[in-house]
Protein chains: 2
Amino acid sequence: MDTDQIATVRAFNRAVTRRIGALDDCYLDRELPLPAARLLFEIGPRGAELRELRARLGLDSGYLTRLLRRLRAAGLIRSGRAARDRRVRRAEWTAAGRREARALDRASDTLARGVLEPLPPASRARLVAAMAEVTRLLRAGAVTVAVEPPGPEAEACVAAYFTELAGRDARFDAERIRKLALDRLHPPHGALVMARLDGAPVGCGAVSVTNGAAEIKRVWVHPDARGLGVGRRMLALLEASAVALGAGVARLDTNRTLTEARALYLSAGYREVPAFNDEMFADHWFEKALPTGAG
Amino acid sequence: MDTDQIATVRAFNRAVTRRIGALDDCYLDRELPLPAARLLFEIGPRGAELRELRARLGLDSGYLTRLLRRLRAAGLIRSGRAARDRRVRRAEWTAAGRREARALDRASDTLARGVLEPLPPASRARLVAAMAEVTRLLRAGAVTVAVEPPGPEAEACVAAYFTELAGRDARFDAERIRKLALDRLHPPHGALVMARLDGAPVGCGAVSVTNGAAEIKRVWVHPDARGLGVGRRMLALLEASAVALGAGVARLDTNRTLTEARALYLSAGYREVPAFNDEMFADHWFEKALPTGAG
DNA sequence: CCATATCTCTGACTTTGGTCAGATGATGCG
DNA sequence: CGCATCATCTGACCAAAGTCAGAGATATGG
């Protein structure tokens, strides 16, 4: 990483805080102070539980209570206890709260428009495209990849994977695929890897080791997070986990419609081999020797 | 401007304040509070007058004094009266102040590096390129174009123009070009237009009207601000000024090496005509009928 | 030299944003 | 039931950031 790149990032930071920083200050023009406005926004049209708000915004619990009291006094929200656990409270917009949130939303739109307005249409399109790219790549940098115990979020990822496969390959039927037993996703038999962005899952992958051979399955990346190296990072972690579990070789199969995945496997050092299983919707089989745990 | 574009700008804003906003918070880790750190930075290696600092940072004069007192107490700056006017004070870094500023600088670099670090090199290059584009276009949107009385900054622009011409066309010699008399840049004979970004000049252009014919000259845009429509905006304002001064036709000549300028003139409705003057380094002559002042 | 304007400094004050320790009330486990 | 735990609430407290009115020093025009 050279100093030019660093300088570009810093120039970017300066330019953005100068021109776009005002987008946040728009809240200042209204009667709500900024953290209260952000909170109102975060509550959203469907309401939210306080513990979640606290986590998302990183607020002190006392501070949060105070902010909410203010919003309640202004008639913008009402709060009550959550149905499932009467210790936790939920906050919800009132009609006035909905109006206020919409007004803040419009103010934000106006300021965003002000950024584009002075530019001729061609530059405007270029700016929007560049902003989208920056947004995407900044998010990519914030994706974390880690081994996790299986849970409902992992199941949701796998379900999304199957839905996508069904959309690409008309033969596919999630009911007829070999199930992965839950205990194969825990040590010493295997591991589950999740990719997350700000806590929300954006990818998954599983590895299961049998007699020194690791089988990698269910590797999927959310469409919004593709092309950012998330798949490669998950694959690397799956292989490392396999090594840690004593595997000397990694195998995987894939559907012919998943061309991006095939390219990833090839570039990660896998070579195509004859079918090593009878997975119903597999069209290609790959294998790669893993480094030994000691090396 | 469609809603997709607005949404992209807003998503960008959110992503950036989340990931890059931390760049400013880096000051929080140090012992200096944020405004004091910014102030220290703004004083710069050559020192600065308080009135200028106040204007640049938009600070209350009392507040500024307090911040400076703090910096002085910490041994980071010293201050004295300005030579030219003993009412105004100057602030300057001490050796310790220089060290502190460098440390802040390094902290900023580290955080900028942290933005790029998690990305693979290809994505990193894409991010840097997109950031540069965003920076450039945001700046473009902040460029102002206005008629101004001539001054030293306009002269500096013209000098830069001549330097550039000399670099492109070996024949060129600034000494042998027709001079523009100063009174031709004021009403009722003409006008000077300047383009500025945050107060600093990034372009100039002059128009001088004789017997109902406007001659447009010295149209130049700083290399960093090209391709952003600044030239077009200046040209439009020059034509409007010409109309206001009673011109019915605009004429201009240009050097053959300035191909971008020629494209601009053609797309702005000018057509090439035979030479109407004997300007030594002109190769092309253009003309355009101007709308009447009444219409 | 006077009146007026300009620039800086000072002290009093306010708002904002935030932390912390402990009280209160609901839940779940044995 | 008794107790530990959890989520929230409350009040006390704090620093940072900023505003304001006015005092004091210096310049400038007449």
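So that the names make sense, note that chain A is the first sequence line, chain B the second, and so on, each numbered from 1.
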I want to check one thing: is the phosphate of [N], taken as OP1 and OP2, less than 4.0 Å away from some side-chain N or O of [X]?
X      : N       : answer
R87(A) : dG28(C) : no
R69(A) : dT10(D) : yes
R89(B) : dC9(C)  : yes
R54(B) : dC7(C)  : no

Rounding to an integer number of Å, can you tell me how far [X] [atom1] sits from [N] [atom2]?
X      : N       : atom1 : atom2 : result
L71(B) : dA17(D) : CG    : P     : 12 Å
L68(B) : dT8(C)  : CG    : P     : 10 Å
L39(A) : dG17(C) : CG    : C1'   : 14 Å
L53(A) : dC9(D)  : CG    : P     : 11 Å
E52(B) : dT6(C)  : CD    : P     : 19 Å
L59(A) : dG18(C) : CG    : P     : 7 Å
L64(A) : dT8(D)  : CG    : C1'   : 9 Å
R51(B) : dT26(D) : CZ    : P     : 17 Å

Main chain of V143(B), side chain of R233(B): is a donor-acceptor contact present, judged purely on distance under 3.5 Å?
yes
Nearest listed nucleotide, side chain of [X], among [options]:
X      : options                   : answer
R81(B) : dT10(D), dT26(D), dT16(C) : dT26(D)
P35(B) : dC9(D), dC9(C), dA17(D)   : dA17(D)
R66(A) : dG18(C), dG11(C), dT8(D)  : dG18(C)
Y63(A) : dT10(C), dC7(C), dG18(C)  : dG18(C)

Using 4.0 Å as the upper bound for N to carboxylate O, is an ion pair formed by E52(B) and R56(B)?
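Yes, charged N to carboxylate O under 4.0 Å.
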For R66(A), is there an ion pair with D60(A) - N to carboxylate O distance below 4.0 angstrom?
no
Counting distance alone, no hydrogens or angles: does the base of dC7(C) have a donor or acceptor under 3.5 Å from a partner atom on the side chain of S61(B)?
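Counting by modelled atom types and ignoring angles, no donor-acceptor contact under 3.5 Å is found here.
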Sugar-phosphate, base or nothing in reach of R90(B), heavy atoms under 4.0 Å:
nothing
Could you give the distance from CZ (R46(A)) to CD (E92(A)), rounded to the nearest 0.5 Å?
11.5 Å
Indicate the atoms forming the closest heavy-atom contact of M234(B) with W220(B), along with that distance.
CE-O, 3.4 Å
Along DNA chain C (nearest heavy atom to each residue), the more 5'-positioned of G58(A) and D60(B):
D60(B)
